[in-house]
Amino acid sequence: MTKPPVINTIFNEIVDATWLSRPSPTIALELLGCTLVRQLPNGEQIRGMIVETEAYMAGDPACHAYSKPTPRNAVMFGPAGMSYVYLIYGMYHCFNVVTDVEGVASAVLIRALELSVFPDSLPQNLSLGSKSDRHIKKPLKKDQLARLAAGPGKLCRVLQIDRTLTDLPLHFNQPLWLEHRTPTFQQAVNSGKIEFVQTTRIGITKGTDLPWRWYIADCPAVSRLSF
DNA sequence: AAGACGATCGTT
DNA sequence: ACGATCGTCTTT
């Protein structure tokens, strides 16, 4: 018996560029509960639900595109639905979804994921438990697994996202794409079982008054409750 | 050419 | 509270 070909067995609707062509604060809120999918060159998928976001846009002093287009930030001035990945503090990457119409520089920083499909292996001294204990190193405890992608730098590490993935279209079968909320998730929102929290953004020194950070309440994968 | 700084994270 | 670490942007 031969192995079947890899198919997408999860049928969430794919997020398209039109849906993302709205102001970044709107998208930042609506991306909560959506799924970020990373597909590696070998076809392996890593998946996580978006649980924390921040919006950045033109006229916002904290936005990388505040002053003028540069080689790094140019993609933010273009159409929605592209990736914007940059290196921060010389050692971490951050992943953004470009939003709004062409000419309006804006993006949503994905700050944390609750992983639903874990990678086969983890970088460096980290290690997954079970699955025949992989190759023993130091199996992570349950609460550590839950926080593996609790932060913008951490989620890029676990999803193997670096600057080679900037300026790419977020389409199915590309290295990265987005899927909409499941009906189950949306029903939980409608019935009040899941709540969203809005706060000011964290880790910045300018634009600290703008309340453009959102996260899902009571979610262990959220990076921090406040700053 | 040189310097300042940063949408972070893990340790002290 | 602090340091690691380096690409990017600003200033000389």
Side-chain angles (χ1 to χ4, degrees), chain A residues 20 23-29 31-32 36 48 50-78 80 82-100 104-115 122-127 137-138 140-141 143-167 170 176 178 197-216 219-227:
Chain A
L20 293 167
S24 58
T26 300
I27 304 301
L29 173 59
L31 277 177
L32 293 179
L36 175 63
I50 297 169
V51 300
E52 181 184 353
T53 57
E54 281 178 359
Y56 291 85
M57 71 182 299
D60 158 21
C63 182
H64 285 176
Y66 180 58
S67 46
K68 62 186 176 186
T70 66
R72 181 179 70 156
N73 69 24
V75 67
M76 294 178 76
F77 289 82
M82 305 292 285
S83 61
Y84 168 50
V85 182
Y86 65 91
L87 179 69
I88 184 69
Y89 294 107
M91 59 186 74
Y92 296 99
H93 295 272
C94 289
F95 168 74
N96 297 250
V97 176
V98 174
T99 56
D100 218 317
V104 178
S106 67
V108 171
L109 171 68
I110 307 302
R111 286 197 55 91
L113 301 176
E114 181 178 285
L115 295 177
L122 252 33
Q124 39 193 19
N125 36 350
L126 299 175
S127 155
K137 206 139 206 194
K138 195 175 260 192
L140 267 46
K141 290 182 285 193
D143 54 329
Q144 294 176 302
L145 282 174
R147 294 192 59 77
L148 217 44
K154 293 172 71 176
L155 77 88
C156 284
R157 183 183 58 181
V158 69
L159 296 198
Q160 300 174 42
I161 295 171
D162 63 23
R163 280 174 306 159
T164 66
L165 299 185
T166 198
D167 217 347
L170 301 170
L176 291 161
L178 296 162
V197 180
Q198 179 178 10
T199 72
T200 53
R201 298 170 297 182
I202 63 182
I204 54 173
T205 56
K206 292 166 283 186
T208 53
D209 53 321
L210 296 170
W212 287 353
R213 173 177 179 245
W214 288 266
Y215 61 87
I216 298 178
C219 179
V222 168
S223 64
R224 335 175 173 170
L225 296 186
S226 63
F227 206 58

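Proteins come first, then strands; the chains are lettered A, B, ... in the order of their sequence lines, and each starts at number 1. The figures here come from the full heavy-atom set of this structure, side chains too, leaving out hydrogens, waters and symmetry mates. Computed from a predicted model, the values in this text were never measured in an experiment.
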A.B. asks: Kindly state which residues belonging to residues 64-74 of chain A come within less than 4.0 angstrom of DNA chain B, counting heavy atoms of the residue only, listed by number.
C.D. replies: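 Only A:His64 qualify.
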A.B. asks: Might you list the N or O atoms of the protein lying below 3.5 Å from N or O atoms in nucleotides 8-12 of chain B, with each pair's distance?
C.D. replies:
residue, atom, partner, partner atom, Å
B:dT8, OP1, A:Arg111, NH1, 3.2
B:dT8, OP2, A:Gly203, O, 3.2
B:dT8, O3', A:Gly153, N, 3.4
B:dC9, OP1, A:Pro152, N, 3.2
B:dC9, OP1, A:Gly153, N, 2.8
B:dC9, OP1, A:Lys154, N, 3.0
B:dC9, O4', A:Tyr92, OH, 3.2

A.B. asks: So, A:Thr99 and A:Ser106: side-chain donor and acceptor under 3.5 Å apart, yes or no?
C.D. replies: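 Indeed, the side chains of A:Thr99 and A:Ser106 share at least one donor-acceptor pair under 3.5 Å.
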A.B. asks: Just checking A:Met76: base, sugar-phosphate only, or nothing, at a heavy-atom cut-off of under 4.0 Å?
C.D. replies: base
A.B. asks: Does A:Pro211 offer a backbone N or O that forms a donor-acceptor pair with the side chain of A:Gln198 under 3.5 Å?
C.D. replies: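 It does hold such a pair.
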A.B. asks: With heavy-atom distances below 4.5 Å as the criterion, would you say the side chains of A:Ile204 and A:Arg213 are in contact?
C.D. replies: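 Of all side-chain heavy-atom pairs linking A:Arg213 with A:Ile204, none is under 4.5 Å.
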A.B. asks: Are any side-chain N or O atoms of A:Ser83 and backbone N or O atoms of A:Asp167, one a donor and one an acceptor, separated by less than 3.5 Å?
C.D. replies: yes
A.B. asks: When the distance from NZ of A:Lys206 to P of B:dG6 is rounded to whole Å, what number comes out?
C.D. replies: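 In whole Å, B:dG6 P and A:Lys206 NZ are 6 Å from each other.
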A.B. asks: Reading DNA chain C 5' to 3', how would its secondary structure be written in dot-bracket notation, given Watson-Crick and G-U pairs with both distances under 3.5 Å, brackets [ ] for crossing pairs and | for partners on other strands?
C.D. replies: ||||.||||||.
A.B. asks: Got a donor-acceptor contact below 3.5 angstrom from the A:Asp60 side chain to the A:Tyr66 backbone?
C.D. replies: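 Judged by distance alone, no pair lies under 3.5 Å.
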A.B. asks: Rounded to the Å, how far apart are A:Asp162 CG and C:dG7 C1'?
C.D. replies: 13 Å
A.B. asks: To the nearest 0.5 Å, tell me how far A:Phe77 CZ sits from A:Lys68 NZ.
C.D. replies: 10.5 Å
